[in-house]
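Within every chain, numbering begins at 1; the chains are lettered A, B, ... in the order of the sequence lines, protein sequences first and strands thereafter. Values below: every heavy atom of this structure, side chains too, minus hydrogens, waters and symmetry copies.
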Amino acid sequence: MNSIRDKVAVIGVGCTKFGDLYDSTYEDQVCDAAFQAYADAKIDPSEIDAAYIGTYLPHSQGGKAGISLADPLRMYDRPVTRVENFCATGTDAFRNACLAIASGQHDIVLVVGSEKLKDRPGRGIPRIGHQILAKGNTAPGLFALAANRYMHEYGVGRSTLAKVAVKNHWNGARNKLSHLRMEVTEEQVLNAPMIAWPFGLFDCCPTTDGGAAAIVCRADIAKRFRDDYALVKGAALAVATGRPYFDPTFDYVGFRSTQAAAKKAYEQAGIQASDVDLAEVHDCFTWTEITNIEDLGFAEKGQGWKMVEEGRTRVDGDMPINPSGGLKSFGHPIGASGVRMIYECVQQLRGNCGERQVKDPEIALAHNVGGPGAVSCVVVLGRQDS
Amino acid sequence: MAETTYKKPVPRIDEETRGYWEACRRHELVLQRCGKCRTLRYYPRAVCPECLSDEVRWERMRGRGTVYTFTVTYQNQAPGFRDELPYVLAYVTLDEGPQMLTNVVGCKPDEVEIGMPVEVTFEDVSDEIAIPRFKPVAS
């Protein structure tokens with residue numbers, strides 16, 4: 001099978017401020033992100049052949065279908081597809097755009113992720129109870145079950161989890177677009193109110209409003225738009241069971257969907273995990289970042305927490321993780337998060353990230369996992385000369 | 001028996017789950033065993049997830065197991081759950097093998113440990129429905 005490698009280029013990206021955006025609508029976020037990406041690519045919107053819109057939870061203002069992008073951007077008579085795939089919504093929308101280019105069907109495709117989690121009735125994410133399975137399982141609770149088992153098996157304490165939060169808040173505090181733009185100390189994280197043991201408040205990402213956009217095109221025409229475009233090296237999606245707690249092979253110390261998606265993405269890219277220079281990974285909770293480090297192959301299973309302890313995942317470490325601030329500090333508007341990661345990877349590859357710039361990266365990776373563990377998407381980007 | 005104050009979602013019985021809930025009402029924990037490949041499964045479903053057979057037999061469990069992992073939930077604003085914070089959400093491995101997402105009750109949340117032996121207990125929430133949960137095995 002042909003690989004997607006080097007067939008698709010990212011020529012423009014945009015990202016709104018993330019946060020409690022009570023003064024802007026779902027459609028404002030779509031427009032803000034898309035017009036930033038148009039300006040970044042120096043492209044006229046009429047040149048866009050097709051678009052994908054990633055939204056997890058439709059809002060009264062939009063998010064349910066292609067019109068959620070077509071109406072605010074007046075992008076009519078062209079194909080616009082809404083993508084929803086749990087927390088992998090944004091990266092999967094991007095992946096679909098890449099496939100549309102690689103198939104030869106389209107030359108230039110717009111991807112937007114937009115999510116309004118704040119000003120909606122019953123603020124936040126509603127929990128829909130299953131007749132038998134509903135036992136008061138919250139999103140933090142489901143990840144906490146895995147975290148607790150991991151900590152039991154590998155002898156890890158809450159202070160290691162806290163170091164993930166401290167690191168990501170340090171990065172996010174230096175990012176003008178991030179939601180929780182402040183540093184925190186390990187002591188603050190450990191003393192915060194408990195949400196679902198072992199997660200306290202600062203072990204959890206916030207619920208956030210925001211939008212992000214990317215424009216991809218055929219790699220052979222990318223030079224028309226810019227010299228420093230990024231190349232898509234791999235884009236892989238893997239789906240496992242939506243009820244991992246009833247998968248007899250599921251040991252609760254890692255996510256096989258991430259392992260499968262990463263393996264496929266590395267194959268496509270012709271690289272190994274050790275070739276990745278920075279990764280934007282799905283740190284919905286502090287422990288999730290640790291398992292992601294392992295599931296993506298940056299460390300053996302049960303060893304990822306040591307990279308955190310040794311400071312290797314900081315911007316100046318040998319395996320920088322979430323230089324943007326991650327979901328933890330940048331925020332997590334679900335459908336937008338994956339596209340926001342593409343935005344960060346591209347800015348890092350261009351060398352635009354100031355104090356939190358990773359030194360001279362050539363390969364960047366974006367990763368979402370949702371479900372928990374049900375679905376994972378991994379995108380590998382490379383510098384134009386990589 | 002029927003508590004009008006029960007605020008959590010009360011399960012509806014359907015044809016796939018009738019045997020499970022009827023046993024719960026008798027305070028018995030039953031799981032399905034596939035009549036063809038013999039796989040014991042939870043939760044109740046019409047078709048075996050391993051071999052797709054619809055031959056089903058209900059089999060009574062001993063009602064004992066161990067805590068594989070758990071979390072103590074301190075924040076949940078859903079009706080009913082809000083009133084019981086903090087509560088324990090756990091993944092219990094039955095002695096017979098299958099694992100259940102459940103609650104551990106009958107002890108303080110900070111007394112729950114991974115590996116702890118537990119046994120089933122039933123909460124009667126309506127004339128038809130009793131919900132299985134787990135409590136520490138009396139020593």
Among residues 293-301 of chain A, which ones touch chain B with a heavy-atom distance under 4.5 Å?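 Within residues 293-301 of chain A, no residue comes under 4.5 Å from chain B.
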
Would Arg340(A) pass as a cation-pi partner of Phe330(A), given that its NZ or CZ must be under 6.0 Å from the six-membered ring centre and within 45 degrees of the axis?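 Flagged: Arg340(A) positioned over aromatic ring of Phe330(A).
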
Compute both the distance and the angle, then confirm whether Arg149(A) meets the cation-pi test with Tyr91(B): under 6.0 Å from the six-membered ring centre, within 45 degrees of the axis.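 Geometry flag: not set, cation outside 6.0 Å or 45°.
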
Can you name the residues that form a side-chain contact (heavy atoms from CB on, under 4.5 Å) with Ala261(A), not counting sequence neighbours?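 So Ala261(A) forms a side-chain contact (heavy atoms from CB on, under 4.5 Å) with Ala238(A), Ser376(A), Val378(A).
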
For Arg256(A), give me all partners under side-chain contact (heavy atoms from CB on, under 4.5 Å), at least two apart in sequence or on another chain.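 So Arg256(A) forms a side-chain contact (heavy atoms from CB on, under 4.5 Å) with Ala240(A), Asp247(A), Thr249(A), Gln259(A).
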
Run the ring-ring contact (aromatic ring centres under 6.0 Å, His included) test against Trp197(A) and tell me which residues pass, sequence neighbours left out.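 Per chain and number, Trp197(A) pairs via ring-ring contact (aromatic ring centres under 6.0 Å, His included) with no residue.
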
Return the orientation label for the Phe255(A) and Phe250(A) ring planes: parallel under 30°, perpendicular over 60°, tilted otherwise.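 If you compare the ring of Phe255(A) with that of Phe250(A), the planes turn out parallel.
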
Shorter than 4.5 Å, heavy atoms on both sides: which option in Thr102(B), Ile131(B), Val88(B), Thr71(B) has the most such pairs with chain A?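 With the most close heavy-atom pairs to chain A, the winner is Thr71(B).
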
Is it the case that the side chains of His332(A) and Thr208(A) hold a donor-acceptor pair, with the cut-off being a distance below 3.5 Å and no angle test?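 Checked: Thr208(A)/His332(A) side chains show no N/O donor-acceptor pair below 3.5 Å.
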
Distance, nearest 0.5 Å, that separates CG of Leu89(B) from CG of Asn103(B):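 So the gap between those two atoms works out to 6.0 Å.
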
With a 4.5 angstrom heavy-atom cut-off, could you sort out which part of [X] is near chain A: side chain, backbone, both or neither?
| X | answer |
| --- | --- |
| Leu85(B) | neither |
| Tyr87(B) | side chain |
| Tyr20(B) | side chain |

